Amino acid sequence: MNNPTETMNIDNKVSAIMTDEAVTNCLNAVQTLHTNMPFLINLTKAMKRQFPTIGTERAGMLPVYLTAMNNHPTLVPGFVDMTEVTKDAELWEKMRIPLTQLSELCEAIIDTHHAVGSDLFMAFLSFYNNAKEAARRNVTGADTLVATLRPWFDRTA
């Protein structure tokens with residue numbers, strides 16, 4: 001779909017079924033990722049702000065600095081372990097490969113989940129509005145139904 005906003009149905013942006021087997025397969029794939037990257041860590045937001053990083057915008061510095069440090073070992077501070085630097089550089093480069101694809105996949109999963117949630121919300125809102133109209137017309141049981149549904153749509157809560 002080139003421009004999803006032009007072709008999406010406003011009330012049904014996603015129409016799909018995900019089988020239990022597909023969920024299991026996805027979870028197994030995630031477990032495979034964890035198994036193959038046992039060194040993964042989690043950082044708090046504060047730690048992420050605290051730790052400087054080369055990031056993608058500075059990726060070009062990696063080969064330049066590695067070459068310079070290897071060509072000028074006398075300028076490398078004694079507390080910098082070049083074996084670890086080389087190991088980190090290799091890991092950083094290799095992790096970029098799955099990182100790019102997984103970032104795109106995660107974005108698509110998040111966007112699809114959001115769109116499905118929107119589909120549900122719109123259906124629920126339509127039902128709620130219909131129930132309110134039924135209550136306004138004194139349909140039996142509609143007042144109780146509206147009272148049950150109201151907390152999710154009450155803007156004062």
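If you read the sequence from its start, that first residue is 1, and numbering goes on from there. Since we're looking at a predicted model, the values are computed, not measured.
Side-chain heavy atoms closer than 4.5 Å link hydrophobic residues (I, L, V, M, F, W, Y) into clusters, and following such links, possibly through other members, connects Leu91 to Leu40. In the hydrophobic cluster analysis, where Ile, Leu, Val, Met, Phe, Trp and Tyr join through side-chain heavy atoms closer than 4.5 angstrom, Leu102 is grouped together with Ile109. Cluster annotation: Met95 is connected to Leu33 through the hydrophobic network of ILVMFWY side chains, with a link wherever side-chain heavy atoms come within less than 4.5 Å.
Atom CD of Gln31 has more than 12 neighbouring heavy atoms from other residues, nucleotides or ligands inside a 6.0 Å radius. Within 6.0 Å of CD in Glu57 there are more than 12 heavy atoms belonging to other residues, nucleotides or ligands. Heavy atoms of other residues, nucleotides or ligands lying less than 6.0 angstrom from CG of Asp20 number 12 at most.
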| side-chain contact (heavy atoms from CB on, under 4.5 Å) between Val146 and Arg136, worked out | CA-CA 10 Å; Val146 168; Arg136 190 180 74 72; over 6 Å; no
| request: In sequence, state the C-alpha distance, the side-chain angles, and the governing distance for Asp111 and Glu107, and then conclude on side-chain contact (heavy atoms from CB on, under 4.5 Å). | output: CA-CA 6 Å; Asp111 289 350; Glu107 183 178 358; 3.7 Å; yes
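Nearest heavy-atom pair, Val14 versus Asn12, reported as atom, atom and distance to 0.1 Å: O-OD1, 2.9 Å. Contact record, Cys26 with Met18: SG-CE, 3.7 Å, taken as the closest heavy-atom pair. Shown here for Lys13 and Ala115, the closest heavy-atom pair between the two residues is CE-O, 3.8 Å. The minimum heavy-atom distance between Leu43 and Met47, with the atom names listed, is CD2-CE, 3.8 Å.
Legend: residues meeting side-chain contact (heavy atoms from CB on, under 4.5 Å) with Leu149, ordered by chain and number and at least two apart, are Phe127, Tyr128, Ala131, Leu145. In this structure, Ala29 has no side-chain contact (heavy atoms from CB on, under 4.5 Å) partners at least two apart in sequence or on a different chain. By the side-chain contact (heavy atoms from CB on, under 4.5 Å) test, Asn129 pairs with Leu125, Lys132, sequence neighbours left out.
Checked by atom type and distance alone, the side chain of Asp154 never pairs as donor or acceptor with a backbone atom of Arg150 at under 3.5 Å.
The line from CG of Asp88 to CD of Glu93 is 12.0 Å long, rounded to the nearest 0.5 Å. Rounded to the nearest 0.5 angstrom, Met122 CE and Leu120 CG are separated by 11.5 Å.
Using a 4.5 Å cut-off between side-chain heavy atoms of Ile, Leu, Val, Met, Phe, Trp and Tyr, Ile17 forms no hydrophobic cluster with any other residue. Grouped by direct or indirect side-chain proximity (heavy atoms under 4.5 Å, Ile/Leu/Val/Met/Phe/Trp/Tyr only), Met82 sits with Ile54, Met61, Leu62, Tyr65, Leu66, Met69, Val76, Phe79, Val80, Val85, Trp92.
Applying the ring-ring contact (aromatic ring centres under 6.0 Å, His included) test to every pair with at least one member in residues 96-123, sequence neighbours left out, gives these pairs: Phe121-Phe153.
A salt bridge is absent between Lys87 and Glu90: the closest approach of a Lys/Arg side-chain nitrogen to an acidic carboxylate oxygen does not fall below 4.0 angstrom.
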